[in-house]
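The chains referred to below are lettered A, B, ... by the order of the sequence lines, with proteins before strands, and numbering in each begins at 1.
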Amino acid sequence: MTIDLGRGLVLRNPVMTASGTFGYGEEYTDFVDLAQLGGIIVKGTTLHPREGNPYPRMAETPSGMLNCVGLQNKGVQYFIDTIYPRIKDFDTNVLLNLSGSCLEDYVKGAEMVDALDKIPAIELNVSCPNVKQGGMAFGVTTTGISQVVSEVRKVYHKHLMVKLSPNVTNIAEIALAAEADGADSVSLINTLMGMAIDAEQRKPKLSVITGGLSGACVKPVALRMVWQVAKAVKIPVVGLGGISNAIDAVEFMLAGASAIEIGTANFIDPAVSAKVVWGINEYCERHGFAQVAELTGALL
Amino acid sequence: MTIDLGRGLVLRNPVMTASGTFGYGEEYTDFVDLAQLGGIIVKGTTLHPREGNPYPRMAETPSGMLNCVGLQNKGVQYFIDTIYPRIKDFDTNVLLNLSGSCLEDYVKGAEMVDALDKIPAIELNVSCPNVKQGGMAFGVTTTGISQVVSEVRKVYHKHLMVKLSPNVTNIAEIALAAEADGADSVSLINTLMGMAIDAEQRKPKLSVITGGLSGACVKPVALRMVWQVAKAVKIPVVGLGGISNAIDAVEFMLAGASAIEIGTANFIDPAVSAKVVWGINEYCERHGFAQVAELTGALL
Amino acid sequence: MKQIVDFKLVGKQDFGRSALLRLHAECALPDMAPGQFVQVRVDGSPSTYLRRPISIHDVDFQNHEITLLVQQIGEGTRHLASAETGDIINVVLPLGNGFSMPEKGERCLLVGGGIGIAPLFYFAKVLNEKGIRPTLLLGGKTESDLLRLADYQKLGETFVTTEDGSLGEKGFVTMHSVWQKQSFDKIYVCGPKPMMKAVAKLASEKSVWCEVSLENLMACGLGACLCCVEDTVDGHVCVCKEGPVFNTRRLKW
Amino acid sequence: MKQIVDFKLVGKQDFGRSALLRLHAECALPDMAPGQFVQVRVDGSPSTYLRRPISIHDVDFQNHEITLLVQQIGEGTRHLASAETGDIINVVLPLGNGFSMPEKGERCLLVGGGIGIAPLFYFAKVLNEKGIRPTLLLGGKTESDLLRLADYQKLGETFVTTEDGSLGEKGFVTMHSVWQKQSFDKIYVCGPKPMMKAVAKLASEKSVWCEVSLENLMACGLGACLCCVEDTVDGHVCVCKEGPVFNTRRLKW
Ligand SMILES: Cc1cc2nc3c(=O)[nH]c(=O)nc-3n(C[C@H](O)[C@H](O)[C@H](O)COP(=O)(O)OP(=O)(O)OC[C@H]3O[C@@H](n4cnc5c(N)ncnc54)[C@H](O)[C@@H]3O)c2cc1C
Ligand SMILES: Cc1cc2nc3c(=O)[nH]c(=O)nc-3n(C[C@H](O)[C@H](O)[C@H](O)COP(=O)(O)OP(=O)(O)OC[C@H]3O[C@@H](n4cnc5c(N)ncnc54)[C@H](O)[C@@H]3O)c2cc1C
Ligand SMILES: Cc1cc2nc3c(=O)[nH]c(=O)nc-3n(C[C@H](O)[C@H](O)[C@H](O)COP(=O)(O)O)c2cc1C
Ligand SMILES: Cc1cc2nc3c(=O)[nH]c(=O)nc-3n(C[C@H](O)[C@H](O)[C@H](O)COP(=O)(O)O)c2cc1C
Ligand code: FES
Ligand code: FES
């Protein structure tokens, strides 16, 4: 089932877990043997520690949820000192999701992560809708994305995956800019910006009013964007957004994804990621695909 | 419960039915007394007849559906000759949803509709994602929207409501452009562009691959956009997207909508529109609002 | 007049993959013609957001009952087939246009394939009431697909094909010997599209009038959304409103 | 070790707005401490997309059973409370950290408000097993809110307040006369946030050690999503992982 995403990032199978939904992997070891996964992408990390947004940070929506965690994390240095030693020997690819509020933070953070032997790739989060000076500013224009990708590229020598925002008019254009400026792959989608109101209280349900929508409800949008981006770029595309089972995962691969990530579904079934690995295998056998990689773009 | 949207468009109550989901109203008279509604917005109409896209045109999704009807309609002249006489005496506001593939078609269509006494308003559809040279091209840039709104404004003298596409980076910017160029109100959202794949057949579920997502699943995105636009513009905002009951409708009004439209929910409960009218009333009584219009923007 | 009715499930017969549901309403039912269908609300599950179109299998106006014959295809029909007596099932009905009524004396063949036999039951019953005894030709993959066969047989001479030969003649309905032995004035078909197309072709070769009942994917069921269209000589028309029954001459098959 | 377990509902007691659910598992249950909770999958309905956190009300390790006390608040708890014997209920457990165990001889007061009494039952039971007989102070709006009162009374001296005075002393738990008459070494509280804050304030005035069990909105329940945070002296911490039980000194109340 091996998937080679380029520049040294080789996955045992196409299934990874999405940043912000799988902690540092440790939270799920009772449910999933991490060695069965293609990779895990750890929490969104920023150069400096962040307390994130106030509570309440989530609201349930039809077939999905909103969150406004706001990148709570203890910063890159804490990650290196405290978390990295605990998780570096996981028998799977551990990717760091790197976020920032200014160009310098991205560059400095990427430089520090470059030195970590056991982190084969950064997923560059230029698409977080939940922080004011959040990366999303970079992720919604071609000039913004070019800037951050080209600067990070200069200091980061391993696999650079750029995570795209769906809150844009033309996502293929943004993906092309990332590709042109040195991304090794793109992952999409991050959350759709949404809002929820408690009509009885006449108040927004989230502390900062808007948040990011994820879960099954966003799947049709995510699938469309993966299809559009995969047609446009030559680098591998990692698909995510609402994947809840193996058939969903296969759909993303048929639409052009080389690998996939599972996010919110981990909350509903903490063992889902391993089940998706088995299910993709089963699908390949049933449909006569010798290699999982053959699924990519195999729409008839 | 009266709602005055300006330039002669006065609604008995804030509830309208969304274009493309309520036919010409006639399809629902067994279930709803149209006189109980603030208005109905009839099918997307274009200057020239359109056969629409091939079958299949719809796919169910988690808490929603995709459609790619593609503006099937018999053209403005047919509407004037055949349909208008049948529906002009409905005891409610009948709005025409006007679409086009080029500027001239919009202008010509609006001119013809201007002459129809009993049509108090056009909802200008610059946001249909399901036709190749569809209006969406106009709806996703400020220059596009300025062009079509200002040209139509020259020939159309009644209430001009502009229906916005959610498939954009910054919807407030588009709304501001529409306002600046003469829109009397904006309605949002049209469908989110999405896609569905049948993994077993390895084929897209829709004939033209992508389609428009609607239904409960899009509500969080729609609500956020209504909130953003209502903060930005001074003209009334008409909110829609996933409204399934009175509480949903109230949420849109609290977020800043002056009126609302009900779309896909009509398919699930053909009587839902009238129920929403009662439910909004009930909410107003329970919360001590003397006028429904007071709900608009009444977030605490 | 179309209505939204809360029915109570009062009787159920299981046939493995299919189930016969007898639904009772408090109030009198509106007129319903054979070939018309209903839209059933399944429940609030995310994958059954829309209603499901199901043919009217039988009606008992006196007792305010309709009967549906449902085959498990996906989540919605699975849910329906596993409803329990006493459950409330919300239904919009009646929808679409039924089969054209033949003239007295016309020889009618009703061809059903798989779950497509569902609307033919009520149709055959009404034909009998009108003094017309139809011939039935029912096909399935295997014996167990021929649901309620004894009941159909009461309504007219009934021929059967199965693909595996487990019952009746082996093969498809179009291969049945009745086509050689008898001739008909009107043919009515409901079943999988390839089967309907094959019968339509046969009918057209024999220059026999033929109606088919289509099962296009639907959202509203009311002619409002334009999702269920079939390509016809008049362009795209709504199967839910102008059909589901169409004369084959109108179709671009 | 955390597990995902399919339980079968084997016993149910209805208390109007609440229900007591007795759930049986095929396999032996993992260790569970009083104050820990479980995440229950409700069903595939769109408005119960996420699991629901529910306290462990009681455990019977020998018979592989847990008991949940569920109050109907919205769709999810309504669905749970209307589950029927034989239904399968999927549960992730055990989650979070329980109450700190007191030393022998310490005088413990367990304060519960509304459905917040749920975790105190298992806690009181374990305390009794350890030879500590706690005092219980349970509050409700009205008499019928005091569920299983006789069972609680068996586990320790039990005082009651109701807002309408229909049972015990009238008013809030913080107004009960026991506060004047007795003193305690440790206070444990679970209930609505305003009530917990009031008790915490009282405890702090009396300089008594106090733990509260929070019910922040949760998504994962595993410490992975950071949605359920409470503001503490150590910053935002996850209630599901570092709580739900917190010493009030740690909270920024
Ligand atoms: C007018 C009409 C009358 C019908 N009468 C009956 C009846 O009497 N009894 C009965 O059992 N069924 C009948 N059907 C078919 C029935 O509506 C579908 O089987 C049902 O909607 C499937 O829903 P589901 O949730 O079980 O499957 P889904 O999960 O919705 O679908 C499962 C799979 O089947 C495919 N599928 C579903 N419906 C159709 C369709 N109509 N055409 C082609 N592929 C489809 C889907 O694309 C999907 O791949 C009728 C359909 C129509 C339009
Ligand atoms: C650790 C923990 C233990 C719990 N133990 C129990 C228990 O033993 N028994 C029990 O009945 N309940 C318990 N709860 C509360 C229970 O989880 C909620 O009542 C339930 O999730 C509501 O789901 P619902 O679908 O019924 O309501 P929803 O439809 O989700 O919500 C209905 C309304 O209640 C509000 N609401 C829901 N949950 C909460 C909350 N936790 N805090 C504030 N407002 C809320 C919602 O915002 C909404 O306005 C516990 C919660 C936690 C976090
Ligand atoms: C609670 C939560 C926290 C998230 N945190 C991050 C994050 O830190 N960095 C990031 O790039 N994406 C984050 N995401 C987005 C997910 O990684 C993913 O892109 C999105 O949820 C869509 O996938 P899904 O529908 O499978 O969840 C978060 C999502 C959720 C639900
Ligand atoms: C089947 C279908 C057809 C539609 N046709 C039109 C149309 O012709 N013109 C238009 O402006 N919007 C059209 N829409 C979009 C709806 O009017 C509405 O903007 C959208 O569905 C979101 O609202 P909802 O979630 O309440 O359905 C259509 C939607 C559906 C589902
Ligand atoms: S299903 Fe909507 S028009 Fe036929
Ligand atoms: S609920 Fe996810 S961290 Fe607590």
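- Within 6.0 Å of the NZ atom in C:K141, the count of heavy atoms belonging to other residues, nucleotides or ligands does not exceed 12.
- No more than 12 heavy atoms of other residues, nucleotides or ligands sit less than 6.0 Å from atom CD of C:Q62.
- There is no contact between C:N90 and chain B, counting heavy-atom distances below 4.5 Å.
- Distance check, rounded to the nearest 0.5 Å: OG of B:S214 to OH of C:Y49 gives 7.0 Å.
- A 4.5 Å side-chain heavy-atom check between B:F31 and C:I4 finds at least one atom pair inside the cut-off.
- Between B:K43 and C:L226, the shortest heavy-atom contact is NZ-CD2, 3.5 Å.
- In this structure, B:F267 CZ and C:M218 CE are separated by 13.0 Å, a value rounded to the nearest 0.5 Å.
- With a 4.5 angstrom heavy-atom cutoff, B:S63 touches chain C via backbone and side-chain atoms both.
- At a 4.5 Å heavy-atom cutoff, B:T29 makes no contact with chain C through either its backbone or its side chain.
- Nearest approach of B:I268 to C:R41, heavy atoms of both residues: CG2-NE, 3.6 Å.
- No more than 12 heavy atoms of other residues, nucleotides or ligands lie within 6.0 Å of NZ in B:K74, so this atom counts as exposed by the packing criterion.
- Between the CG atom in C:L217 and the CE atom in B:M65 there is a gap of 10.0 Å [rounded to 0.5 Å].
- The part of C:V92 that comes within reach of chain B is its side chain, from C-beta onward, which places non-hydrogen atoms under 4.5 angstrom from that chain.
- Within 6.0 Å of atom CZ in B:F90, more than 12 heavy atoms from other residues, nucleotides or ligands are found, so the atom counts as buried in its surroundings.
- Across C:A224 and B:G23, no two heavy atoms sit closer than the pair CB-N, 3.6 Å.
- For the pair C:V239 and B:Y55, the minimum side-chain heavy-atom distance is 4.5 Å or more.
- The closest side-chain donor-acceptor pair between C:H236 and B:R57 falls under 3.5 angstrom.
- Residues C:Q3 and B:D30 fail the side-chain proximity criterion, which asks for heavy atoms closer than 4.5 Å.
- Rounding to the nearest 0.5 angstrom, the gap separating the SG atom in C:C227 from the CD atom in B:Q72 is 10.0 Å.
- Interface remark: B:Y28 contributes side-chain atoms only to the contact with chain C (heavy atom separation under 4.5 Å).
- Applying the 6.0 Å contact sphere to CZ of C:R249 captures no more than 12 heavy atoms from other residues, nucleotides or ligands.
- Heavy atoms from other residues, nucleotides or ligands lying under 6.0 Å from CG of B:D89 number more than 12.
- Annotation: side chain of B:N67 is not in contact with side chain of C:C225 (no heavy-atom distance under 4.5 Å).
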Working note: B:N266 + C:C220, criterion side-chain contact (heavy atoms from CB on, under 4.5 Å); need CA distance, chi angles, decisive distance, verdict. CA-CA 8 Å; B:N266 292 303; C:C220 72; over 6 Å; no

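- One finds the CD atom of B:E27 at 9.0 Å from the SG atom of C:C240 (value rounded to the nearest 0.5 Å).
- Taking B:A216, B:G25, B:C217, B:G64 one by one and counting their heavy-atom pairs under 4.5 Å with chain C, the maximum is reached by B:G64.
- B:E60 and C:R52 are joined by a salt bridge, as a carboxylate oxygen and a charged side-chain nitrogen come within less than 4.0 angstrom of each other.
- Between B:M58 and C:A219, the closest heavy-atom pair is CE-N, 4.2 Å.
- Residue B:T61 holds its OG1 atom at 8.5 Å from CG of C:L50, rounded to the nearest 0.5 Å.
- Residue C:E129 places its CD atom among more than 12 non-hydrogen atoms of other residues, nucleotides or ligands, all under 6.0 Å distant.
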